[in-house]
Structure formats: C-alpha cells, structure tokens
Chemist: 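Starting off with a structure, shown below.
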Amino acid sequence: MTQAEPNLATERPVKRTESVVVGRVEELPPGSVTIVPRGKFGIGVYNVGGSFFALTNYCLHRGAPLCRGQVTGKVVAGDGPYESKMVGVGEFLRCPWHGWEFEIATGRAVAYPEKAIRTYPVLVENGTVILEGL
Amino acid sequence: MGVQQADPRTSAEATVQVKVVDCDVHPALPTDLLLEYIPEPWRTQFYSGQLSEIEMTTPVYIPPVQTLRRDAVPPSGGMPGSDPAFLEKQLLRDGGVDFAQLIFLQPRPKPTHPALESAIFAGMNSFMADTWLGRHNRHGRYRGAIRVSPYDPEGAVREIDRWAGHPYINGVYVVPEASAPFGQPQFLPILEATARHDLALCMHVTRTPGMRLLTPVGHPSYHVEIFAQWPLYFFSHIASLVFEGVFETLPNLRIVCQEADFAWVPALMWRLDNEWRQLGSQVPHVKRAPSEYIREHFRFTTQPLDEPVPSESLLKVMDWLEADRVLMFASDYPHYDYDDPQWILPRLPKPARDRIMFENACDFFRLPRTRPRDEIDEAR
C-alpha cells in the first residue's frame, strides 16, 4: 500500500489506463510467455524474438485458456502442388483446446483474419517490461 | 469447524439435483497399469519384450494440433486423463458435470485376432472396475461401458454376463470400425445380451489401425479428411440395425453413437424413410418407418458440436432431428476438441436444454435424477 492514496474521484471521468511491471527483460527470454493475473482471465505476455506482445488469456472460439497453448509457426502452401512449408516459427500461438492459431503480434486468427484476440501494449523501459492498457 | 454441523448426508441438502451428464469422457490407461490385468499367455506373448509402447505405436490418423488438451496435463505430469484428482477438478468441479460416462480408448482394438482382443478387453474391464469405477469412484459419479470384441461373440456374451449387475456399469462398448454391419446375425448374441441386461450399446470411433480405417474410396492422406467421414461408420450400422429388423427382435435395445456429431442424422432418416416406403417389400420384417426406430432406439452425443455459419442454422438441424428426444451432451474430455458444458448450455434451445444436458442421458443410461452431495460440491 502506498502512503498517499491518489484521489481517484477527482481524476474521473478522464479515461486512464493502468500498467503493471511484468519483469526484467532477462527474466523473459525470447520464446517465453508470462501469464499476468489481471482481468478475469489473465493476460499472456510473449517475447517473440526480442519484441514483447500481450494477449488476453481467453480464446474467442470457446473460452479456453489460450495462453496455455503451444507457440508454433504457420503452415502455408508451398511453391508447387502437394507442397506445404512452415513459416514464422515462434510467431504464432495454438489454442490448447481446438487448435485455433493466432498471430501473437496482432492477435489475429490465422483461419479467420476478421477475428482477433484482444491485445495490450507492452513497453520496455530501462530493461523493465511493462504491460499497459489495463 | 462446528461440532454441531449436521452430517451432510442426513441434512436437508444431502442430495443434489443432477443437471449435467457427460456422455463421453476418456480416462487414460497407460499400458503399464493395464499389464497386470492381461491374462497369460497374452501378457508375455503380446506385450513383453517390446522396446516401444505398443498401444501407442499403432498407425492411426493423428490431428496436427494435439490429440489431448494441453491444459489437461496433470500438475503431477503424465497423460491428460490419468490423474483422478485432476480429472475431478477440471471436469466435475470446474465443468459442473454430475455423472460422467467413461469410455477407455486404450487399449487400441486388435481386430485381427478376436481371442487376443477379447482377453485384452476383459483385462481393461477389470482395470476399470478396480480403479475408476472402484477406488476412484468414492463419490459414485462415474459410470462405464465394458468393452467387448464383436469378432468373438461368445467371449463378448461371457464378458457381458460377467459384469451385468455391477452398480456402475451401464454400457457395452463396441468399436464401430467393424468388418461387417452390426445388424447382421453374427452380432445378434452381443446385442441380445446387452438388451437382456438392460445395458446401452455404445459405439465410439477408436481409430482402429489398418484396413478398418478405410473410407469407401480407400485411405485419405489427412486426419482432417477422415475426421469428417467418421459418421459413415454410423450410417452403415444404423441402416443395418434398422433393416435387419433387430429392433423387432430386441425391442429394448438402446444404442448410443458417441462422438459422431449429429447434423447428418436428419438427412439419413429422410433418406431411409423414403427408401423404405418405396422398396420396403425387400424387408418385410421392418414394421415401422426407419426414423421411428432411430428416434426410439438411438441417441447421439453433441460433441463435436457443429458450428455452421450462421450459427442459427444449427437450431434448424436440431429441430429436424427432434433434438430434445435424441441428443445427449458430451464433452470428450480430455481431448483437444473438448466441448465445455458451461459453454454449450446457454447455446442450446431453451425447451430442449434439460433434455440434452441430462434428462435423455438419465433415461438412456439408467441414471438417478439426484445424487448425494459430496466434497466436490463443497469445493465449487
């Protein structure tokens, strides 16, 4: 508890967002996910190749704990018939239930580009990772 | 802790109204736990000396994502569905399931060798009775179907007779990837024993390896193809059971089609009814329209729930089907295509909700409408 409580009453109705410190950059290496217990479902903070992204831990399809899913790539058609290849390994997230895939950076569903998981901004300041927009 | 606290079993709220029956739940059966239940010579001949897990290495179509829910891995490790405490927590407590109908998918079928298959399934049944229907079932919320080999009718009948009367066994599970349609005479003893003991015949696709994975045009390349074709097995068995006149011979026979979805059922009923009106002289022993037999003798489980666009189309299908009569909820826990009961419930048409979530299953599986309050209720 802080000593001086901010006077929230005077600050409304200005829309403000809160932020929370997730950890130090070195504690959140590339490929890691940290589920921050904020909101009803928690928020997954991902380090994708040194860039940080955050998604609600709730699948828009059936409500699964999305961020418990596997970080993976995307299978796309190859150059010729009957060919396929894997691209963007580490940039996609697969839901632990029905396997829906989402791009971590945008929250967009691979199979349904018009659908997306809610994302949050993540800042890195002096080596500290901060989840914003709460 | 009050010493005055009433014993929950004798208090006014000692019983709980059943609201959710889950008709398709799969505990895991690791082979090392099964082995002691397999009689010799099969145990040594079939299982010993293998370098790899024989039950898991059978060639089957595998989904590209995962077959099991990643978040259903128990905290202690091990396979999803292997830890009774964790299954209780995820399915009974968080999912709000009152009764769970257990179907063991391991061991995999051994249809090439009926005697071996019978012996292994008998071992599986004993394991189930000792564990999930025994020491893991202190709350009495689990019911199970014993597995029998359709290719060893004599052994199957012996096995059904052996378990009949067990308080928690209410079904006989046969794998629908069969070598002949189940209405044919060689299967009648199994159907007769099932009906005689007031059990339900359960059919659940089990990805039997080999030729029985065939579609009518051979082996497709992908799991995504064959998954959508699994209802074809049920088409064949339903048409056979109806047109062989089985339900005239066995008016009490009840059959559950599990994990076969249901959107195809109205179309099948329309077609069979039409054919019967036009060509029924071929089957004079069939006295009623096929759809009447189907609605009376078959139940279909909800999972995997179809998701048409627009989603309201599913309500039309449910209407054609008379879903309030023939559908029963199933989650398929702990598989990746799990349907959460709390997600499904509000999406069902209101007048059919109770029928689908528990009433049809209570009737078909002979379940009570209330159960004793237990510590899982206290933990909710």
Side-chain angles (χ1 to χ4, degrees), chain A residues 31-37 40-44 46 55-78 80-104 109-115 117, chain B residues 24-26 61-75 77 79-81 86 89-91 94-96 220-225 227-228 259 261 302-311 314 329-348:
Chain A
S32 69
V33 54
T34 309
I35 297 179
V36 179
K40 199 170 170 189
F41 307 103
I43 296 165
Y46 288 83
L55 302 167
T56 302
N57 182 28
Y58 183 84
C59 184
L60 55 78
H61 173 226
R62 292 286 184 87
L66 177 66
C67 299
R68 302 279 301 276
Q70 187 185 13
V71 174
T72 179
K74 179 167 79 162
V75 179
V76 296
Y82 295 101
E83 288 178 13
S84 58
K85 57 186 176 187
M86 177 77 83
V87 298
V89 172
E91 298 171 15
F92 294 87
L93 166 64
R94 181 182 286 150
C95 180
W97 289 9
H98 302 85
W100 279 38
E101 290 166 341
F102 299 91
E103 187 179 31
I104 295 170
V110 171
Y112 298 90
E114 72 280 12
K115 294 176 194 267
I117 301 293
Chain B
D24 190 18
V25 174
H26 304 296
Y61 289 101
I62 301 287
V65 285
Q66 63 248 332
T67 52
L68 296 156
R69 264 175 64 177
R70 208 159 264 270
D71 64 322
V73 175
M79 280 170 73
F86 195 60
K89 176 179 170 297
Q90 275 197 321
L91 188 70
D94 299 347
S221 299
Y222 299 111
H223 181 87
V224 66
E225 294 178 75
F227 197 3
E259 200 171 354
D261 75 72
T302 52
Q303 187 276 344
L305 193 74
D306 278 311
E307 295 171 73
V309 179
S311 56
L314 193 61
F329 168 75
S331 78
D332 198 28
Y333 182 93
H335 290 172
Y336 80 96
D337 47 350
Y338 169 79
D339 280 342
D340 184 353
Q342 304 307 328
W343 190 91
I344 297 281
L345 179 69
R347 286 165 176 82
L348 295 174

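Protein chains get the first letters and strands the later ones, always in sequence-line order, with residue 1 at the start of each.
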Chemist: Only pairs under 3.5 Å, no angle test: what donor-acceptor pairs are there between chain A and chain B?
Modeler:
residue  : atom : partner   : partner atom : Å
His61(A) : NE2  : Glu307(B) : OE1          : 2.6
His61(A) : NE2  : Glu307(B) : OE2          : 3.0
Arg62(A) : NH1  : Asp339(B) : OD1          : 2.3
Arg62(A) : NH2  : Glu307(B) : OE2          : 3.2
Gln70(A) : OE1  : Arg70(B)  : NH2          : 3.4
Cys95(A) : O    : Gln66(B)  : NE2          : 3.4
Pro96(A) : O    : Gln66(B)  : NE2          : 3.4
Trp97(A) : NE1  : Asp71(B)  : OD1          : 3.1
Trp97(A) : NE1  : Asp71(B)  : OD2          : 3.2
His98(A) : N    : Tyr336(B) : O            : 3.2
His98(A) : NE2  : Tyr338(B) : O            : 2.9

Chemist: Going by heavy atoms in the side chains, are Leu305(B) and Leu314(B) under 4.5 Å from each other?
Modeler: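 Yes; the side chains approach each other to less than 4.5 Å.
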Chemist: State, to 0.1 Å, how close Ile104(A) and Leu55(A) come at their nearest heavy-atom pair, and which atoms those are.
Modeler: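 Ile104(A) and Leu55(A) have their closest heavy atoms at O-CD2, 3.7 Å.
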Chemist: Can you name the nearest heavy-atom pair linking Phe86(B) to Pro74(B), along with the distance?
Modeler: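 Closest approach of Phe86(B) to Pro74(B), heavy atoms only: CD2-CA, 3.6 Å.
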Chemist: Could I get the full list of side-chain contact (heavy atoms from CB on, under 4.5 Å) partners for Pro310(B), not counting sequence neighbours?
Modeler: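 Listed in chain order: Glu312(B), Ser313(B).
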Chemist: Take Val33(A) and Val71(A), measure what side-chain contact (heavy atoms from CB on, under 4.5 Å) needs, and give me the verdict at the end.
Modeler: CA-CA 9 Å; Val33(A) 54; Val71(A) 174; 5.6 Å; no
Chemist: Determine whether Leu60(A) and Phe102(A) make a side-chain contact, defined as any pair of heavy atoms from C-beta on separated by less than 4.5 Å.
Modeler: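 Counting from C-beta outward, Leu60(A) and Phe102(A) do come under 4.5 Å.
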